[in-house]
Amino acid sequence: MKFAKTFALTAIASSALMMGGCANNGYGYNSGLSNTAKGAAAGAAAGALIRSGGDSKDIARGAIGGAAIGGAGAYILDQTR
């Protein structure tokens with residue numbers, strides 16, 4: 001039961017992050033995910049995997065923290081290029 005709940009929460013959070021990356025940012029047609037969205041999704045997956053030994057709250061916190069760090073890192077890299 002824990003695994004199913006954790007998997008569902010991770011899938012919902014990841015899809016919300018990916019869909020946010022598809023938003024039109026005023027530069028015309030967006031052909032794919034932004035690097036920020038990709039970094040956030042990868043960070044969420046990594047955070048969830050790192051915290052997978054705990055209960056579902058630990059996994060969700062890991063996914064949220066990973067998404068924040070991954071998204072921020074990718075955004076900073078995009079802005080410095």
Undergrad: Can you give me the closest heavy-atom contact between T36 and G71, atom names plus distance?
TA: CG2-O, 3.5 Å
Undergrad: What's the spacing between N35 CG and I76 CD1 if we round to 0.5 Å?
TA: 13.5 Å
Undergrad: Can you name the residues that form a salt bridge (Lys or Arg N to Asp or Glu O under 4.0 Å) with D78, not counting sequence neighbours?
TA: none
Undergrad: Do any pairs count as a salt bridge (charged side-chain N to carboxylate O under 4.0 Å, His left out) and have a residue in residues 58-76, sequence neighbours left out, and if so which ones?
TA: R51-D58, D58-R61
Undergrad: For the residue pair G39 and A74, what are the closest heavy atoms and their distance?
TA: CA-CB, 4.1 Å
